[in-house]
Amino acid sequence: MNFKNILILSLFMFVTLGCNDDEFFELTNPPEDPWLDVEQFERAAIGAYNNTFTNSAWNNLLGGTRLLKVTQSDLVRLLPGTSANIPFNEMYERMSDLEIDKTRNAFVNAYKVIAGANAALGFIEENNGNPFPELSEADVQNQVRRIEGELKFLRAYSYYMLATIFLPPYKEGDNGSNYLIPFRTRFIPTFEGAKTPELANSQQIYEQIVSDFMSAKQLLPEKFEAGVHHPSYEFGRANRFAAAAMLGQVYFAMGKDQEALTELNYVIDQNGGEYDLSEDPIEAFNRSDGSRGKEVIWYALYYDPLKNVSPRELTSITLQRYDNSSGGNTWPDGFKRVSWNQFAFSYSILDQIDWMEDPLNGDYDITAEAMQDKRYQQLYRKLEPYNPADDADPSVYETYHAQVDKPNVWCDKYYRGAIS
């Protein structure tokens with residue numbers, strides 16, 4: 001990855017269109033700073049979530065980063081003869097010395113979230129922790145402190161996405177001089193400041209991530225309470241358990257297994273029955289409203305038909321289309337196959353989880369273990385090799401990619417929604 005080019009692009013992408021420096025920083029719609037009341041300040045959190053999840057259907061911090069991470073892992077295989085307008089070869093072959101839109105977009109989107117969070121957090125700090133002195137102590141805790149926790153959570157999440165894409169793995173006390181990505185914990189409003197960022201290495205970034213998630217865990221409530229929290233906080237927003245779960249994930253990535261276990265045990269033992277594995281796996285995906293399955297700790301809302309924005313990039317690794325709301329059905333009842341996908345489960349993974357008998361040596365039969373596994377039964381589907389017949393069932397056979405001559409297991413859990 002050409003980090004220098006990415007950085008230059010993110011700083012000057014609009015400047016190169018012909019405007020001078022001063023014009024570039026004369027904002028038509030400047031940030032709402034100062035926010036006039038806590039009701040307006042709620043928009044700081046809402047805007048950060050919007051930049052994280054819903055700024056674009058084909059380019060957001062959830063879909064693009066997940067596609068990049070999965071395709072560069074051992075989880076999937078690139079199918080022969082597929083094509084699409086994405087850099088699938090570059091991702092799959094881990095050509096990290098090339099600049100591609102998936103990494104560029106992840107960089108730009110993450111720093112959008114970080115910049116917005118920094119502006120709002122700076123507003124709190126500049127006002128000694130409480131910009132709205134007319135609020136009751138309870139409202140300061142339930143609104144201002146909560147919003148502060150959400151902003152720190154999303155800043156940490158954004159830096160974690162950047163770290164896992166652009167930085168070498170964390171290694172205690174041995175992060176060398178790899179100062180690779182900009183390090184911002186304050187909003188920089190000037191051109192000179194924007195073009196001369198401080199750079200950070202893995203240790204500095206991970207320390208900031210841990211600090212922010214720890215702070216978020218202290219500031220966030222355990223769950224939404226009607227009449228106490230702003231109504232917008234009810235669905236798809238981070239809470240204390242989401243912060244602890246992310247902190248556990250970060251500790252695990254840092255090799256701090258005991259610290260990770262402590263956080264994850266907290267989530268398991270202290271959630272009061274809000275989160276468990278008591279439901280069938282499909283229940284996490286049979287949603288067409290703001291509700292959630294019990295195994296879901298943190299989620300994004302994509303059911304709004306007016307907004308109509310979702311992480312559509314993920315359909316490169318799923319069987320069905322992004323606009324399908326009845327996944328799991330067979331042809332022709334509610335089955336909408338993706339024609340542009342490129343990646344199915346790798347045979348090495350199918351062998352490791354014992355879902356195929358011996359795929360590395362040509363035995364693609366589904367195992368008894370898989371047939372008893374609700375995850376396989378409800379959320380995945382095997383397609384037989386390409387069948388060119390006009391009446392071939394696309395929910396049983398591969399019907400799009402003519403070079404696919406072996407069975408494949410597909411992820412079929414995306415965008416189920418309500419069964420219609």
Side-chain angles (χ1 to χ4, degrees), residues 63 65-84 86-98 100 102 164-165 168-169 249 252-253 255 257 277 280-282 284-285 313-320 327-328 330-331 335 337-389 392-414:
T65 55
R66 289 302 180 276
L67 178 62
L68 184 67
K69 290 169 182 289
V70 169
T71 55
Q72 291 183 332
S73 73
D74 295 328
L75 293 174
V76 295
R77 61 183 292 258
L78 177 62
L79 299 182
T82 62
S83 62
I86 69 166
F88 53 85
N89 275 313
E90 290 86 345
M91 291 189 295
Y92 188 67
E93 299 294 340
R94 302 171 186 173
M95 300 178 183
S96 59
D97 57 332
L98 299 179
I100 59 175
K102 299 307 174 192
T164 56
I165 293 172
Q249 182 173 335
F252 184 75
D257 295 351
L277 301 179
D280 279 357
I282 196 175
F285 302 93
E313 292 162 302
L314 293 179
T315 48
S316 285
I317 55 177
T318 60
L319 181 65
Q320 300 199 52
T330 56
W331 181 262
F335 185 89
R337 175 66 196 278
V338 177
S339 59
W340 60 81
N341 47 18
Q342 301 90 38
F343 302 96
F345 252 142
S346 70
Y347 293 133
S348 60
I349 289 296
L350 291 168
D351 183 60
Q352 290 177 46
I353 65 177
D354 196 23
W355 277 8
M356 274 187 173
E357 291 290 354
D358 191 7
L360 299 176
N361 292 298
D363 187 346
Y364 305 106
D365 288 341
I366 299 300
T367 63
E369 175 79 14
M371 297 304 293
Q372 296 173 7
D373 191 326
K374 287 185 177 180
R375 294 168 300 174
Y376 176 80
Q377 290 295 318
Q378 298 178 2
L379 304 176
Y380 297 86
R381 187 193 297 269
K382 177 187 177 184
L383 289 188
E384 299 299 331
Y386 178 71
N387 186 338
D393 184 342
S395 62
V396 175
Y397 296 98
E398 175 61 63
T399 57
Y400 283 104
H401 306 312
Q403 295 182 39
V404 174
D405 58 358
K406 300 179 180 67
N408 287 291
V409 172
W410 286 96
C411 172
D412 192 25
K413 63 184 180 181
Y414 187 56

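Residue numbers run from 1 in the order of the sequence given.
Cation-pi contact between Arg337 and Trp331: absent, since separation from the ring centre below 6.0 Å together with deviation from the ring axis within 45° is not met.
In this structure the side chain of Lys382 never reaches within 4.5 angstrom of the side chain of Asn408, judged on heavy atoms. No side-chain heavy atom of Tyr92 sits under 4.5 Å from any side-chain heavy atom of Asn89. Side-chain contact between Leu79 and Phe343: absent, with no pair of heavy atoms (C-beta onward) separated by less than 4.5 Å. The side-chain heavy atoms of Arg381 and Leu383, taken from C-beta on, include a pair separated by under 4.5 Å. Taking the side chain as every heavy atom from C-beta outward, Thr71 and Ile317 approach each other to under 4.5 Å. At least one side-chain heavy atom of Asp351 sits under 4.5 Å from a side-chain heavy atom of Pro359. Side-chain contact between Ile100 and Met91: present, with at least one pair of heavy atoms (C-beta onward) separated by less than 4.5 Å. With contacts defined as side-chain heavy-atom distances shorter than 4.5 Å, the pair Gln403/Thr82 does not qualify.
If you take CD1 on Ile366 and CG on Asp373, they are separated by 11.0 Å, rounding to the nearest 0.5 Å. Taken to the nearest 0.5 Å, the CE atom of Met356 stands 12.0 Å off from the OG atom of Ser348. Atom CG of residue Asn341 and atom SG of residue Cys411 lie 10.5 Å apart, to the nearest 0.5 angstrom. For the atom pair Ile353 CD1 and Leu75 CG, the distance stands at 9.0 Å (nearest 0.5 Å). Note: Lys374 NZ to Gln377 CD = 10.5 Å, rounded to the nearest 0.5 Å.
Relative orientation of the Tyr380 and Phe345 rings is parallel, given thresholds of 30° and 60° on the angle between their planes.
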Query - Verdict with supporting geometry, Gln378 and Asp280, side chain to side chain contact (heavy atoms under 4.5 Å, CB included) - result: CA-CA 8 Å; Gln378 298 178 2; Asp280 279 357; 3.3 Å; yes
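Aromatic pair Tyr386/Tyr400: centroids not less than 6.0 angstrom apart.
One side chain, Gln342 or Ser316, offers a donor N or O that lies under 3.5 Å from an acceptor on the other. No side-chain N or O of Asn387 forms a donor-acceptor pair with one of Glu398 less than 3.5 Å apart.
Ion pairing between a basic and an acidic side chain is recognised when a charged N comes within 4.0 Å of a carboxylate O; Arg375 and Asp412 show no such pairing. Between Lys102 and Glu313 a salt bridge is recorded (basic side-chain N to carboxylate O distance below 4.0 Å).
Nearest heavy atom pair, residue Glu384 against residue Pro407, reads OE1-CG, 3.8 Å.
Evaluation of the side chain to side chain donor-acceptor pair (under 3.5 Å) rule for Trp340 yields Thr315 as partners, not counting sequence neighbours.
The number of heavy-atom neighbours closer than 6.0 Å to CZ of Phe252, taken from other residues, nucleotides and ligands shown, is 12 or below.
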